[in-house]
Every structure is written in structure tokens, then in C-alpha cells.
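Reckoned from all heavy atoms, side chains included, excluding hydrogens, waters and symmetry mates. Given the structure is predicted, the values throughout are model-derived calculations rather than measurements.
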Amino acid sequence: MNAFHKMKDRIAVVGVGNTPYGNFPDTDDYGLGARAFRNAVEDCGIDKNLIDGLLVCRVPHYARMGEIIGLNPRWTIQMPPHGRMSGMAIIEAAAALDGGLCDYAALIYANIGRSRRVNYGGEESPGVWDPWGFTSPGAAHALMFQRHRALYGTTTRQLAEVSVAFRHHACLNPAAVMKQPITIDDHEAARFITEPLRLLDYCLINDGAVCIIMTTKERARDLKKKPVMISGIGAREAFTTGSIGNFDLNFWHDEMQDVAAQAYGMAGVGPADVDALMCYDNFSPTVLFSLEGLGFCKQGEAGSFVEGGTLKLGGRLPTNTDGGHLSNSYMQGWALNVEAVRQIRGECEDRQVPNAQVVQYCGATPCSRSIIYTPG
């Protein structure tokens, strides 16, 4: 039993909100964050003045964000602007709530990457995250997929199943950025970015914001909507193998196995019980690596596992039902957790997984995390 087990079903997500996604040069990250916060407050019907915990991610300064939305919290934390932080942030907030550091926590993420033309990689000199000068996350994942292909025979047509399934879901999501259906042949005809990865294997870059409001199970009963419980948590770092970069020779498989054992053990479920998966998809190969690490298939078999629409609605494992980073928006895991909550609530309309009772979020990164959501 890990240290998280005592928190099983004690912490709930009670409110979620997001902005539209796209290109918004006339606002900034604070403006987007405030809008998402307002939507989340409205979603759960909470008196804003009760919120005494504030976590911000990719927002320049927590104090300025608090000033803008009118909060004077007793617990605050500022998270770095990296995708691996979404799962980490939710777990940190859960621990703070369980420890009595706050009663209600608002988690705000905002990204203005598109309007500000942010580049992920390509810097002329090494930085703290890329000490050897290999600055492109996409290139790192291309190398990992090359290795997976060499070891296991995984094909790019199998990889295309990921992009095609997520685009199908985006076409059912009114808020998604990408609306043009694609086929496996479309994927194979797209231009290379870093061979063997093509344009349709890469995440989007968008402006937008997300807010998640959390509290304890007892307090959740007083709010507008039925709470969504955090039933399982898994966490594992890969500092000795992947360090702080974006490359791992074994695809974070060992770390994800550990994360899965923790999360499933805490929630009392297994891969066969998962109704929908929200999988961090900065690049399409990450999804294959995650499926193997979590135990949905054996290592080396993810390519064959996803063939034939496995990840589509109606398939064996509906995944990233909002369209994910590849087709909905690049909110670095935050929107995926919102989608998990909405699936459990039954609020996803045309993309709803029938009777979704167990929805899992996962992120295979040097700081791997998984969260299992169930109805309250």
C-alpha cells in the first residue's frame, strides 16, 4: 500500500471550466485564466469567497492571478509550465486538501502559445531542460518511435490509428480546434516533421485556459453537481534514466508499470475496468508507450492493439474523447482531466462513453502520473 491509499475517495473534483481554444492575441494568460475560473465557479455553484487554495500552472505569477480573480488564499503553489505538471498539480492539491491546508482549491492553467508564437524546441543553445542541446521534444519522441519500430516492428500505419481516432472525437466536440476528418492514408501522406513522425503526429499549439475546483468529499455534498471522486493515484519519477529531458530508452515502461500498480491498487480496479482513457498525447507515439506501460497490452504490442478502431468511441478503449492534444487543443493534460470529469458526469453528448464509471488519466513522462476518476 502506498502513501496515497488513505486518500481514496476522500477528495472530489466539483467544478471544471475552460475557455474556447484558438488564437486570442487581444488577451493574456491572466485574462484566459480568469475566464476559465469564472466558468468553473459557475459549474459547481460555489461561493467564490470560500475558495482558500490556489494553484497556478503556466501563469506567470500566482499572486497576480489571485488579485485578478479576487482571492486571498491560505494555500498557494506555483507550478512550472510543463505538461507533466497537470497530473502532479491535481495530486498536490488533493494532498493539501486532505491535510487541511485548504478547504476548496482552484487550479488554473493558461497557455498563450499560439498568439505569442511560442516554439517548443529549436533554441540555439542548451538550457536547463536540454543540457546537451537536444531541444526538440518532437525529435526525441521520433527517436523513441524509431527504436520501438526497430524492436517490435511497429508501423506508421498503426501509429496513424491514434491520430485518426482522436480526430474522429474532435469532430464530435464543439469546442475542438480541428474539425476535418482524417484517414490513415491522410496520415501517411502528411509531411514529415521529424522522420518518422509527420504533421498529424504532433500536438497543436493553442491559446486557452482550464480551471479545476477540488474539495473534500464531505464539502462536495453542498455543491451544485454530483462530485467526481479521485479513487486512484500513481506517481513515479524517471530521473536516473530519463533525467529532465524527453527521451527514455525503455519508453518510460517501468515507470508506467509502477504508476499503474499504484493507481489500480488504490482504486481496486484494473485495465479491464477502465471505461475511457485520457492519455497525454504530446506526440502520437506517447499513446502507444502509455498503453503498454499501463498494461492494456504487452510491451511491443501497442501497434496491433490499436488497429481497427480500438481507441475510437464504440471501440474497446475509447481514448481522448475530446480530441486530445492532437486535435482538440494543447492544454498540456489539463483539458484531458476536465474531459475525464465530464465523462463521469455524463455531460459529453455526442462523444459520451455510455455509463462511464471508471475514467483514467495518464501521462508517460519523466514525471509519470495517473489518476483514476469514479462517480461520487
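- Sorted by first then second residue, the ring-ring contact (aromatic ring centres under 6.0 Å, His included) pairs that include residues 172-220, not counting sequence neighbours, are Y202-F283.
- The main-chain N or O of A36 is never found under 3.5 Å from a side-chain atom of N18 such that the two would form a donor-acceptor pair.
- Not counting sequence neighbours, the partners of H325 by the ring pair (Phe, Tyr, Trp, His ring centres under 6.0 Å) test are Y280, Y330.
- The salt bridge (charged side-chain N to carboxylate O under 4.0 Å, His left out) pairs that include a residue from residues 356-368 number zero, where partners must be two or more places apart or lie in different chains.
- Residues satisfying the side chain to side chain donor-acceptor pair (under 3.5 Å) criterion with R38, sequence neighbours excluded, are absent altogether.
- For Q78, there are no side chain to side chain donor-acceptor pair (under 3.5 Å) partners, not counting sequence neighbours.
- Summarising the geometry, atom CD1 belonging to I108 is positioned 9.0 Å from atom CG belonging to L55; distances are rounded to the nearest 0.5 Å.
- Every residue two or more places apart in sequence or in another chain that forms a side chain to side chain donor-acceptor pair (under 3.5 Å) with S284 is listed here: D201.
- Y109 pairs by the ring pair (Phe, Tyr, Trp, His ring centres under 6.0 Å) definition with W334, not counting sequence neighbours.
- We find that K224 and E42 are not joined by a salt bridge, their nearest charged nitrogen and carboxylate oxygen being 4.0 Å or further apart.
- Judged by distance alone, the side chain of D9 and the main-chain N or O of M229 form no donor-acceptor pair under 3.5 Å.
- Donor-acceptor pairing under 3.5 Å is lacking for the side chains of R351 and T321.
- Although no hydrogens or angles enter the test, the distance criterion places no donor-acceptor pair under 3.5 Å between the side chain of E255 and the main chain of A364.
- In this structure, R157 pairs ionically with D185, as a charged nitrogen and a carboxylate oxygen lie closer than 4.0 Å.
- Remark: side-chain polar atoms of T194 are not paired, donor with acceptor, to backbone N or O of L197 under 3.5 angstrom.
- Contact of the N111 side chain with the D29 side chain is not registered, since no non-hydrogen atoms from C-beta on lie closer than 4.5 Å.
- Crowding of D273 atom CG: a count of heavy atoms from other residues, nucleotides or ligands under 6.0 Å exceeding 12.
- Taking Ile, Leu, Val, Met, Phe, Trp and Tyr as members and joining any whose side-chain heavy atoms lie under 4.5 Å apart, directly or through other members, the hydrophobic cluster of I112 also contains F24, L32.
- Take R10 and apply the side chain to side chain donor-acceptor pair (under 3.5 Å) test, not counting sequence neighbours, and it matches D98.
- With sequence neighbours left out, the ring pair (Phe, Tyr, Trp, His ring centres under 6.0 Å) criterion links F296 to no other residue.
- Residue-environment remark: CZ (R116) exceeds the threshold of 12 foreign heavy atoms within 6.0 Å.
- With contacts defined as side-chain heavy-atom distances shorter than 4.5 Å, the pair L97/C102 qualifies.
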Table please: side-chain donor-acceptor pairs of residues 56-68 below 3.5 Å, with sequence neighbours left out.
{"residue": "R58", "atom": "NH1", "partner": "P81", "partner atom": "O", "Å": "2.7"}
{"residue": "R58", "atom": "NH1", "partner": "Q332", "partner atom": "OE1", "Å": "3.1"}
{"residue": "R58", "atom": "NH2", "partner": "Y120", "partner atom": "OH", "Å": "3.2"}
{"residue": "H61", "atom": "ND1", "partner": "A63", "partner atom": "N", "Å": "3.0"}
{"residue": "R64", "atom": "NH1", "partner": "E67", "partner atom": "OE1", "Å": "3.0"}

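- Qualifying ring pair (Phe, Tyr, Trp, His ring centres under 6.0 Å) partners for Y152, counting only residues two or more places apart in sequence or in other chains: H148.
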